[in-house]
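Report on one structure; see the data block that follows.
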Amino acid sequence: MNLQKIFDQLNITQANPAISIFVPTHRTFPDNQQDAIALKNALKELETRLSENYDKREAEALLHQIEQKLADHNHNYNLDTLAIFASAEDTQILNFPFQVKPRVIIDQHFATRDILRELNNAVHYYLVIVSRDQGRLLEVFNDQLVREFHQDDELQGLNFPIENTHLYTTSSNDRSNATKEENYIKEFLNRVDKSVQEVYKQNSLPIFVVGDERTVSFYQQVSDNPTAIAATVTNSTNLEAEARLLIDEAQDKVDSYRTTLQQASQAEISQAKSQNLLIEDLSSIYRAAKEGRIDQIFIRKGYVQPATVDAETLNVELNLDTTNTDDIVDDILSIVLQHGGKAHFLDAKFLDDNANLLAKARY
């Protein structure tokens with residue numbers, strides 16, 4: 001799953017109507033038996049709202065298109081959220097490995113905020129598990145398995161898990177020679193890495209390598225792209241364990257990597273302040289966003305701010321009795337991204353007290 005690509009495609013779509021449906025789902029039986037009912041209820045809500053606001057033929061055509069796309073959906077393969085994005089031109093059915101509040105949105109653009117927040121909040125990565133005998137590859141989102149690659153995946157010729165059959169076809173004399181054995185293992189690990197790099201080319205996520213210290217060191221030496229390796233995990237007690245256990249064992253390193261990213265954002269804020277490029281006032285940030293002057297924004301995680309925006313002066317007021325936007329942060333976020341800026345979501349400890357939204361200007 002290339003979440004960035006999904007976001008980019010959805011974010012540029014304009015349609016009337018643009019339908020976004022989010023249904024919380026479950027990964028395992030028997031909980032996933034609730035999912036079909038929740039989906040049915042969401043579609044019923046959509047039908048009611050379309051009938052109230054759109055032409056009957058148009059509404060029926062949209063509902064029929066969505067139902068056709070859902071015809072082959074199997075709730076046994078649900079993750080944490082089932083998302084539907086539909087317009088008159090097309091319908092996409094997506095399974096997300098993160099939780100989203102249930103809702104049905106009918107607008108002129110798709111609701112992508114949850115995806116964007118996950119992109120900036122989460123660590124989406126590959127877990128490469130290597131031993132002298134075998135190589136495995138997992139795609140993981142935070143602490144949730146997206147998939148474990150296998151020979152039936154759409155990328156041909158990968159054949160995960162990859163077995164080191166060569167090691168056991170060599171003579172006993174070769175295996176007793178430490179240098180030759182090391183070379184055989186390195187050749188095998190290089191073969192594993194080449195398959196990993198084929199996946200990496202399709203979706204460039206950070207790589208975490210799991211194995212004993214010796215094997216991981218060999219993998220780093222033979223990798224064609226060592227800079228893609230974000231961290232190594234050498235505390236695993238069973239490299240043949242199910243994916244969930246291996247993911248759990250990697251979480252300390254994943255958390256450290258996430259902290260490193262936030263520390264880099266914190267340093268960027270300090271640099272912007274020293275260069276007089278830091279904007280801290282909400283109205284000034286909004287105006288700079290509209291002018292396309294913002295290079296980066298830094299948002300405290302969980303910060304949502306209803307507000308009123310004056311269309312002429314672009315002043316932002318926080319009078320909750322007269323709001324005309326449910327979340328000014330979301331509005332600014334969308335504008336900044338449309339102008340090629342970047343967004344960072346930070347834990348409160350990486351921001352000064354009372355700092356919820358900061359921006360770095362381009363000039």
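When a residue number appears, it is its place in the shown sequence, counting from 1.
Under a cut-off of 6.0 angstrom, the local environment of CD in Glu240 is sparse, with at most 12 non-hydrogen atoms contributed by other residues, nucleotides or ligands. Within a 6.0 Å sphere centred on CG of Asn354, other residues, nucleotides and ligands contribute 12 heavy atoms or fewer. For Gln266, the CD atom counts as densely surrounded, since its 6.0 Å shell holds more than 12 non-hydrogen atoms of other residues, nucleotides or ligands. No more than 12 heavy atoms of other residues, nucleotides or ligands shown are found within 6.0 angstrom of NZ on Lys273.
With hydrogens and angles disregarded, no donor-acceptor distance shorter than 3.5 Å links the side chain of Arg132 to the backbone of Glu181. A donor-acceptor pair under 3.5 Å is formed between the side chain of Arg362 and the backbone N or O of Gly292. No donor-acceptor pair closer than 3.5 Å links the side chain of Asp352 to the backbone N or O of Ala355. Between the Gln33 side chain and the Phe29 main chain, no donor and acceptor come within less than 3.5 Å of each other. Listed for the Ser223 side chain is no donor-acceptor partner under 3.5 Å among the backbone atoms of Gln220. Between the side chain of Asn142 and the backbone N or O of Gln144 there is no donor-acceptor pair closer than 3.5 Å. Using modelled atom types, one side-chain atom of Thr259 and one backbone atom of Asp255 make a donor-acceptor pair closer than 3.5 Å. Looking at Thr25, its side chain does come within 3.5 Å of a backbone N or O of Leu79 through a donor-acceptor pair. A donor-acceptor pair under 3.5 Å is absent between the side-chain atoms of Asp347 and the main chain of Phe350, judged by distance alone. Judged purely by atom type and a 3.5 angstrom limit, Thr112 has no side-chain atom pairing as donor or acceptor with the backbone of Ile115.
Between Asp35 and His26 the shortest side-chain heavy-atom distance falls below 4.5 Å. Side chains of Leu116 and Leu337 form a contact here, defined as non-hydrogen atoms less than 4.5 Å apart. The shortest distance between side-chain heavy atoms of Leu43 and Ile21 falls below 4.5 Å. With a 4.5 Å cut-off on side-chain heavy atoms, Gln92 and Leu10 count as touching. Inter-residue side-chain proximity for Thr237 and Glu249 is flagged as met; some heavy-atom pair is nearer than 4.5 Å. Annotation: side chain of Ile84 is in contact with side chain of Thr91 (closest heavy-atom distance under 4.5 Å). Counting heavy atoms from C-beta on, the side chains of Val329 and Asn356 never come closer than 4.5 Å. In this structure, the side chains of Phe160 and Val196 come closer than 4.5 Å at one or more pairs of heavy atoms.
Glu60 and Arg57 are not joined by a salt bridge, as no carboxylate oxygen comes within less than 4.0 angstrom of a charged side-chain nitrogen. Salt bridge annotation for Arg49-Glu45: present, with a cationic side-chain nitrogen under 4.0 angstrom from a carboxylate oxygen. Salt-bridge formation is not detected for the pair Asp295/Lys342: no Lys NZ or Arg NE/NH1/NH2 atom is positioned less than 4.0 Å from an Asp or Glu carboxylate oxygen. Salt-bridge formation is detected for the pair Lys186/Glu182: a Lys NZ or Arg NE/NH1/NH2 atom is positioned less than 4.0 Å from an Asp or Glu carboxylate oxygen.
Side-chain contact of Thr165 with Glu163: a donor-acceptor pair under 3.5 Å is absent, judged by distance alone. Counting only N and O atoms by type, the side chains of Thr227 and Asn225 include a donor and acceptor under 3.5 Å apart. Between the side chains of Glu213 and Ser217, no donor-acceptor pair is found at a separation under 3.5 Å. Side-chain atoms of Asn32 and Tyr77 form no donor-acceptor pair, as typed in the model, at a separation below 3.5 Å. Residues Asp193 and Gln197 bring a donor and an acceptor atom of their side chains to less than 3.5 Å of each other.
Checked against Tyr125 for a ring pair (Phe, Tyr, Trp, His ring centres under 6.0 Å), the options Phe208, Phe141, Tyr200 give a single hit: Phe208.
Of all non-hydrogen atoms in Ala359 and Ile297, the two that sit nearest each other are CB-CG2, 4.0 Å. In terms of heavy-atom proximity, Leu62 sits nearest to Ala88 at CD2-N, 3.7 Å. Residues Glu139 and Leu145 share a closest heavy-atom pair of O-CD1, 3.7 Å. Taking all atoms of both residues into account, the shortest heavy-atom contact from Ile335 to Ala289 is CG2-O, 3.2 Å. Residue Pro17 comes nearest to Tyr54 through the heavy atom pair CB-OH, 3.4 Å, listed as atom of the first residue, atom of the second, then distance.
Separation of atoms CD1 (Ile19) and CZ (Phe110) is listed at 8.0 Å; rounding is to 0.5 Å. The line from CD1 of Ile332 to NZ of Lys290 is 10.5 Å long, rounded to the nearest 0.5 Å. Here the CG atom belonging to Asp133 is positioned 9.5 Å from the CG atom belonging to Leu239, to the nearest 0.5 angstrom.
Using bins of under 30°, 30° to 60° and over 60° for the plane-to-plane angle, the ring pair His73/His75 lands in the perpendicular bin. Aromatic ring pairs are classed by plane angle as parallel below 30°, tilted from 30° to 60° and perpendicular above 60°; the pair Phe298 and His344 is parallel.
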